[in-house]
Amino acid sequence: MTPDSTGRIRTDIAHNARVWNYWLGGKDNYPVDRAVGDQVVAMYPSIGEVARADRAFLGRAVTYLAGEAGVRQFLDIGTGLPTADNTHEVAQRIAPDARVVYVDNDPIVLTHARALLTSSPEGRTEYVDADAHRPELIVEAVRPVLDLGRPVAVMMLGILNFVLDTDEARSIVRTLMAAMPSGSHLVLTHPTLELGGEGNAEAMEFWNKNATPPITARSRAEFASFLDGLEILEPGIVSCASWRFAAATEVAQFGAVARKP
């Protein structure tokens, strides 16, 4: 979130990490976050389902990567506030030697970093205070922890929607994946006005006037462009609720996992 000129965390405007935390049933939020969150729910009632489906997708994707794909390194960008089954917890249950680096630049997330900085004795978990808009700095910051000569799973769940310029968003992904070796993976989710999400347009407009940071939805084609040059794993680009899961209903959030050849 954006601090004021003294560096204090602002509690006078809703912020994504805290509102998302509220939708997931957490307690790390303020009255302004709950008020905006409730208004968004009133305008787009399925947003809570989106939040929960996104989180469940993370668990399934990390389970696949740490298990079947044998990945032992994870770079989770746009971490958000910790809840149950964070990336390192899922990965290290399967592979205790897994290394996980979380990246965020939100002051309130930073205050909760100690909750993330737990690890199995065999593995390692670290937190990097960095901005997704500066991928080259992220790559340099993770080198002391991750071996970029070995495959890395780059996790970008619900983060590119805060990069409003699509060309810039593509450039961020390209820069990150160019630094990763063959066998690395990219894990993405992103809101859309497709998949029954048309009703979200008004809620997003309300959000952009009353909360921070601003957000944008993208089409399937735009989402697919982030995966150019990568091998998209089955079942392809789907609602994140339906990725390797027989979901009763779809949510308006694309999800995909792709491998770097």
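These values consider heavy atoms only, across backbone and side chains, with no hydrogens, waters or symmetry-generated copies.
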Do the side-chain N and O atoms of [X] and [Y] include a donor-acceptor pair separated by under 3.5 angstrom?
X: Asp38; Y: Tyr22; answer: yes
X: Arg218; Y: Thr166; answer: yes
X: Asn105; Y: Asp129; answer: no
X: Thr216; Y: Asn161; answer: no
X: His15; Y: Asp33; answer: no
X: Ser119; Y: Arg124; answer: no
X: Asn86; Y: Glu89; answer: yes

For the backbone of [Y] and the side chain of [X], can you confirm whether one donor and one acceptor N or O come within less than 3.5 Å of each other?
X: Asn21; Y: Lys27; value: yes
X: Asp28; Y: Leu81; value: no
X: Lys260; Y: Met180; value: yes
X: Ser120; Y: Gly123; value: yes
X: Arg220; Y: Ile237; value: yes
X: Arg244; Y: Glu234; value: yes
X: Thr125; Y: Thr118; value: yes
X: Asp54; Y: Ala51; value: no
X: Ser242; Y: Glu250; value: no
X: Trp23; Y: Val41; value: no

Inset, instruction - Assess whether atom CD of Glu202 is packed by more than 12 heavy atoms of other residues, nucleotides or ligands within 6.0 Å. - result: no
pair [X]-[Y]: side-chain heavy atoms closer than 4.5 Å:
X: Val257; Y: Leu186; result: no
X: Asp76; Y: Val101; result: no
X: Val139; Y: Leu148; result: yes
X: Pro191; Y: Val50; result: no
X: His190; Y: Gln253; result: no
X: Arg170; Y: Leu160; result: no
X: Val142; Y: Glu126; result: no
X: Asn200; Y: Leu193; result: yes

Flag the pair [X] and [Y] as a salt bridge only when some basic side-chain nitrogen lies within less than 4.0 angstrom of an acidic carboxylate oxygen.
X: Arg72; Y: Asp97; answer: yes
X: Glu136; Y: Arg134; answer: yes
X: Asp167; Y: Arg174; answer: no

Legend entry - Derivation of the side chain to side chain contact (heavy atoms under 4.5 Å, CB included) call for Arg259 and Leu230: CA-CA 6 Å; Arg259 182 183 183 278; Leu230 305 176; over 6 Å; no
Inset, instruction - For residues 54-103, pull every pair meeting ring pair (Phe, Tyr, Trp, His ring centres under 6.0 Å), keeping only residues two or more places apart or in separate chains. - result: Phe57-Trp243, His88-Tyr102
Rounded at 0.5 Å granularity, tell me how far [atom1] in [X] sits from [atom2] in [Y].
X: Met177; Y: Thr175; atom1: CE; atom2: OG1; result: 11.5 Å
X: Ile172; Y: Ile138; atom1: CD1; atom2: CD1; result: 8.0 Å
X: Arg55; Y: Cys240; atom1: CZ; atom2: SG; result: 12.5 Å
X: Phe245; Y: Ser239; atom1: CZ; atom2: OG; result: 11.0 Å
X: Met156; Y: Thr189; atom1: CE; atom2: OG1; result: 10.0 Å
X: Trp207; Y: Ile47; atom1: CH2; atom2: CD1; result: 9.0 Å

Inset, instruction - Check Pro181 against Pro151 and note the closest heavy-atom contact, atom names and distance. - result: CG-N, 3.8 Å
Legend entry - Test side chain to side chain contact (heavy atoms under 4.5 Å, CB included) applied to Tyr127 and Val109, step by step: CA-CA 10 Å; Tyr127 181 95; Val109 174; 3.6 Å; yes
Legend entry - Working for side chain to side chain contact (heavy atoms under 4.5 Å, CB included), residues Val32 and Arg18: CA-CA 10 Å; Val32 67; Arg18 300 182 316 210; 4.0 Å; yes
Inset, instruction - Check step by step if side chain to side chain contact (heavy atoms under 4.5 Å, CB included) holds for Val36 and Gln39. - result: CA-CA 5 Å; Val36 169; Gln39 181 61 35; 5.6 Å; no
